[in-house]
Amino acid sequence: MPTDLPKTYDPAAVEAQAYQTWLDEKCFAADAAAPGEGYCIVIPPPNVTGALHLGHAINATLQDILIRMHRMAGYNTVWIPGIDHAGIATQAVVEKQLKEQENKTRHDVGREGKGGLVERIWAWKQQYGDRIINQLKRLGCSCDWDRTRFTLDEMCARAVRHTFFKLFKDGFIYRGKRLVNWDIFLQTSISDDEIYKETVKTSMWHIAYPIENRDGDGSASESKTGTGTVSPRPAQMIVATTRPETMLGDTAVAVHSQDPRWNWAIGKHVRLPLTGRLIPIIADDILVDPKFGTGVVKVTPAHDPNDYAVWQRRQPKPGQPAVSGVEPIDLINILTPDGKINENGGPYAGLKRDAARKKIVEDLTAQGLLVKEEPHEAQVGHSDRSKTPIEPYLSDQWFVHMAPLAEPALEVVRNGTIKFYPERHAQQYLAWLGEKRDWPISRQLWWGHRIPVWMFLWNGPHADLPSDSQQVRMELPYLTNEQNQTIAVQVMRPGGKGDIFIGVCVLPGNPEIESLIEKNGGRQDPDVLDTWFSSALWPHSTLGWPDSTPDLDKWYPTSVLLTGRDIITLWVARMVMTGMYNMGFAPSSGTPGEGGGGGTTEQCSPHPNPPPEYQGRGSRQEVGRALGIPFYDVAINPTILDGKGERMSKSKGNGVDPVDVIDTHGADALRFTLATMATETQDVRMPVKKDAQGRNTSDKFDLGRNFCTKLWNASKFAISNFESQIPVPVDESNWSLADHWIISRFNRAVAESDAALKVYRFDVYAKACYDFFWRDFCDWYVEAAKPAMKDPKRAGQTANVLATVLDGSLRLMHPIIPFITETIWWRLNEVRPERELPGRLEGSGNTPRLIKAKWPTVGAFCEDAEHVFPKLQEIIVAIRNVRNDYKVDVKKPVKVSINAPGEEATQKVLENRELIEILATCRLIAVAPAVAPPADSIRVSAAGAELFIEGVIDPEAEKQRGGKRREELTKLIATLIARLNNAGYIAKAPPELVQQTKDQLAAAEAELQKLDQ
RNA sequence: GGGCCAUUAGCUCAGUUGGCUAGAGCGCAGGUAUCACACACCUGAGGUCACAGGUUCGAGCCCUGUAUGGCCCACCA
């Protein structure tokens, strides 16, 4: 393999070669048995819906930085990649494609089998899954690809079924009728998080509901106001609605109990127009705001979340008689799953909801019951998947009971066992989880983990209903005792009324039991699980759970989770819950579900006996391990927005494919730039432009590209110096000031990077690399080294320092720009294998691959060099400054005399005379503690010294220059005097600060005085 | 309505427990084909730190309020 560096940096060539080498040599492969403390990250699995964009790229880049850094630092490191099957999202795109390309629905092609929808989605998965993996590879991700998981693969499926079984057996899963968000296009329920609001122009219809028996035997005979005047009782109640068709499902009208206009009517009835049903007038002080509108609200429990809550409030508590005044109300579903009015809608049955609305408004108008219609803008929830309006819909769904699972997950964040970076994001986690709302986990989809429960309709009399699981088992006499150990059973009464089912959950790996059950009339639930159910298990399922594997033992809990803030609740919180549930925490007092218990005693968890209290003694690691948390740290990466501040998305067309950026700028440039943007501020603005080839990219990445080019050129230069050079033993006593300085600066950069990475400040790390390498190393050290390398007496030591600092820089920067550093490393190894400065810059050496080299340690600082060198920089800049101001020809040296403050300073200047002369293009004529100003010279101050520069006379420029400086000094002196005149400052500020101010004042006054001479 | 965040140079952003004349990149102005690099080098201009109060010897930073923008949650029938 040729290692010499071509003149121009070509990212594409460099990247392809380096990545192939890492793959060929299995540099990413991890082994749990290898030595070193475990360090593990599981990737947030991208949705297989489509291709990755820059949001994924920043997330992956930051993970790779951590992975590579820890791998170099000697940890036994693994990064587990994978992809999410993304249930509803993926099914939706494939169904859409099916519709567009073949004009078919999923019902036309069927679920399973050849040409079925599931097969088609797998084909999609193959295509996009591969594309995603390739994108990650182009980014340079050092994932252990042999461990790539898919949330729907066998390994994940097994974990899903075990978890479901465990939850089912523990009574944490139940089936119930719930009002869900129904997507009538996809015919599935979707979660709240998959809904977006859209403003829709519609109307507010005011409808009259005639009151029955208005003056009849109600409890209140008259409606009285505070003044005792009698209001006439109206004959009808006016309700306002944006959805008149739902009145077909009204089962009450509600008023406020303290509303004098209406409280007399409580207990009476209204005659529902069109259908003629009699429905009660009820009091509900939660639903009704008496100050709003007419004070009357129609109640449609089956089609409105608030109304459903009313229905729930009026349900009798089990075992308790109904309370007077809060009698239960009816629940009438008026919709079919595809959004048409059902048989409960009488004459409107069969109409689509919009048609029904139109017809109902017409009929109401005809009957004179439509009081008014006014324009209205409503926020209507739409399905993020099908982009159609969602319908609140009553259906049978599976739920996870959250309270017992959420509590421990809250506690580990409260007590700091799990830490968020930045910390404030923990609040969102705590707030959401604190609500402990039950988690609806069933989806009426075909793409996903099928719910592993087989259902039997209970045909016997209710009185004979088995009261415990033992008796339920009697209903399955065909199962042996042994087989009985692999099932769990529940009696289910969804909605409290109607049919009763017996549900049997079977542990995975028992197909013979499944078929036995099916032969005996059991039917597997057709629904699949919410996609987050499988992602929730990601950290332990990918490591082999439910088996007790070496991987789990080595790498669980994982070290850190890096993700975007939008899924803190959906994903992070659920991983913590299921992780603790499966890996450590045993809920002691969960609320058992109906018919819970029984089943198997199989132990899923390799940590069977966690301490009962979370505030365990011991290290965070010990506690975390015992509790089974999935990770210790959660680092939130910023969201990437486009130039207008809008979120990137495919549908908006403002998304950027990282591969496009890699093609225009290079992967290292992309990574470096993204890292600099990973600040603690929430969002990153990324102006997007389209280049000539139609690629979406951004000038922002010039930053990273320029840096890489700089690194390439500087390395090429340094290495070219070693090609014909014979190394000499390191001899620190012959180092120059610049040598000491650059090594010390390097060590500072390492220390800064370590500290930054520990708290996930990738921007600080990137900046430390940038400032050190470009500003210190290239701008100053390399320039200082040039003359030294030409001097045979000094070349040897200079080469030692130059080579070793380059070596250290490559190691320091490898995690952020891996391709280019690796490539340069190979050449450096070849040309200059010996690189080590004992005590100053260690751990160097010619490890064949940089990816496996040692992460730099912080060597000794040189305070003296770090103090003196900047003063020389100041002097050089001051001279350059004058040269520029006076427009001196760039090649023409100027004569400079330096009046240095004291013998030591004089000495330092003389020692570094060459540095000053070359970098400032000048000749030092005289350097002493009291140099007389040469005639016709310009006087400037720098680093406490006075410089006299000859041969640049330009009276006009000089006048301007002096005037400007005088102004600055006068202003500064005024500030300093004011500060020193402040008695409080003298009394209370630290003495060294006061002294500093005095020194500063003296210096400024002295300079001003000389300027005036 | 509740909560979180932001507001610093023309633009995009840093600024750590309050303490030197508030920084970077891009852009801008002037200069430079110098043998690593014009994707570069040298120099410079540019800021009332959103606004109003307060605490303090001292505030970009802490407190209170206001304005503007963004996000999350709950949402009026």
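A quick note: this is a predicted structure, and the numbers were derived from the prediction, not measured. Chain identifiers are assigned alphabetically (A, B, ...) following the order of the sequence lines, protein sequences preceding nucleic acid strands; residue numbering begins at 1 within each chain.
- Nearest heavy atoms, A:P6 versus A:K716: O-CD, 3.5 Å.
- The structure places CG of A:L802 at 9.5 Å from CD of A:Q725, a figure rounded to the nearest 0.5 Å.
- Pairing for B:U7 goes to B:A67, judged as Watson-Crick or G-U wobble with the two contacts each under 3.5 Å.
- Across all strands shown, A:L287 has heavy atoms under 4.0 Å from base atoms, whether or not it also approaches the sugar-phosphate.
- Relative orientation of the A:F672 and A:F707 rings is parallel, given thresholds of 30° and 60° on the angle between their planes.
- Here the side chain of A:R880 is nearest to one of B:G19, B:U43, B:C73, namely B:U43.
- OP1 or OP2 of B:G25 sits under 4.0 Å from a side-chain N or O of A:R775.
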Task: Reading 5' to 3' through nucleotides 26-40 of chain B, protein heavy-atom contacts under 4.0 Å coded B for base, S for sugar-phosphate only, - for none - done: ----B-----BB-BS
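- A 3.5 Å limit on both hydrogen-bonding distances identifies B:A24 as the Watson-Crick or G-U partner of B:U12.
- Nucleotide B:G18 is matched to nothing when pairs are restricted to Watson-Crick or G-U wobble geometry with both distances under 3.5 angstrom.
- The CD atom of A:E423 sits 16 Å away from the P atom of B:U16 (whole-angstrom rounding).
- For A:R424 and B:C4, the CZ to P distance is 12 Å, given to the nearest whole Å.
- One can place CD of A:Q995 at 14 Å from C1' of B:C20, the figure rounded to the nearest angstrom.
- Here, B:G60 and B:U8 have their P atoms 15 Å apart, quoted to the whole Å.
- Nucleotide B:U32 is matched to B:A40 when pairs are restricted to Watson-Crick or G-U wobble geometry with both distances under 3.5 angstrom.
- Distance NZ/A:K436 to CG/A:L410: 6.0 Å, rounded to 0.5 Å.
- B:A52 and B:A40 have their P atoms separated by 41 Å, with the value rounded to a whole Å.
- Straight-line distance between the P atoms of B:C63 and B:G3: roughly 16 Å, to the nearest whole Å.
- One interatomic measurement links the two molecules: NZ of A:K689 to P of B:U12, which rounds to 17 Å at whole-angstrom precision.
- Side-chain atoms of A:Q996 lie closest to B:C20 of the nucleotides B:U21, B:G15, B:C20.
- For the side chain to side chain contact (heavy atoms under 4.5 Å, CB included) test with A:F717, the passing option among A:I719, A:N721, A:N713 is A:N721; the others fail.
- Across all strands, A:R243 comes closer than 4.0 Å to no nucleic acid atom at all (heavy-atom distances).
- As judged by a 4.0 angstrom heavy-atom cut-off over every strand, A:R883 is placed among residues making no nucleic acid contact.
- Between A:V764 and A:A240, it is A:V764 whose nearest contact on RNA chain B lies nearer the 5' terminus.
- Here, B:A24 and B:G47 have their C1' atoms 14 Å apart, quoted to the whole Å.
- Counting only heavy atoms from C-beta on, A:Q427 has its side chain closest to B:C4 among B:C73, B:C4, B:U21.
- Among the atoms of the strands shown, none is found under 4.0 Å from any heavy atom of A:P687.
- In this structure, A:Y781 and A:F777 have parallel ring planes: the angle between them is below the 30° cut-off, well short of the 60° mark.
- For B:G3, the OP1/OP2 oxygens have no side-chain nitrogen or oxygen of A:Q428 closer than 4.0 Å.
- With P as the reference atom, B:C5 and B:U64 are 12 Å apart, rounded to whole Å.
- The existence of a salt bridge linking A:R261 and A:D259 is confirmed by a sub-4.0 Å separation between a basic side-chain nitrogen and an acidic carboxylate oxygen.
- Per the geometry, NZ belonging to A:K767 stands 13 Å off P belonging to B:U16, to the nearest Å.
- Using a 4.0 Å heavy-atom cutoff across all strands shown, A:M204 reaches sugar-phosphate atoms only and no base atom.
- Protein atom CZ of A:F701 is 14 Å distant from nucleotide atom P of B:C13, rounded to whole Å.
- Along RNA chain B, the nucleotide nearest A:T975 and the nucleotide nearest A:K700 are compared for position; the residue whose nucleotide lies closer to the 5' end is A:K700.
- Taking the P atoms as reference points, B:G18 lies 34 Å from B:G1, given to the whole Å.
- For the P atom pair drawn from B:G27 and B:U21, the interatomic distance equals 31 Å after rounding to whole Å.
- A:L919 comes within contact range of no nucleotide atom at all, as no heavy-atom separation falls under 4.0 Å.
- Each of B:C73, B:A77, B:U43 was ranked by its minimum atom distance to the side chain of A:V877; first place goes to B:U43.
- The two residues A:T676 and A:L703 have their closest heavy-atom pair at OG1-CD2, 3.7 Å.
- For the pair A:L703 CG and B:A24 C1', the computed distance is 10 Å after rounding to whole Å.
- A straight line from CH2 of A:W205 to C1' of B:A77 spans 14 Å, rounded to a whole angstrom.
- A gap of 14 Å separates the C1' atoms of B:U7 and B:C61, to the nearest Å.
- Shown here, B:G46 forms no base pair; nothing in the strands shown gives a Watson-Crick or G-U wobble contact with both key distances under 3.5 Å.
- Under 4.0 Å is where a charged nitrogen must lie from a carboxylate oxygen, and between A:K786 and A:E783 at least one such pair does.
- For the pair A:R437 and B:A74, the criterion of a side-chain N or O lying under 4.0 Å from OP1 or OP2 is met.
- Summarising the base pairing, B:A59 is matched to no nucleotide, lacking a Watson-Crick or G-U wobble pair whose two defining distances lie under 3.5 Å.
- Salt-bridge annotation for A:D771 and A:K767: present, with a side-chain N of the basic residue lying under 4.0 Å from a carboxylate O of the acidic one.
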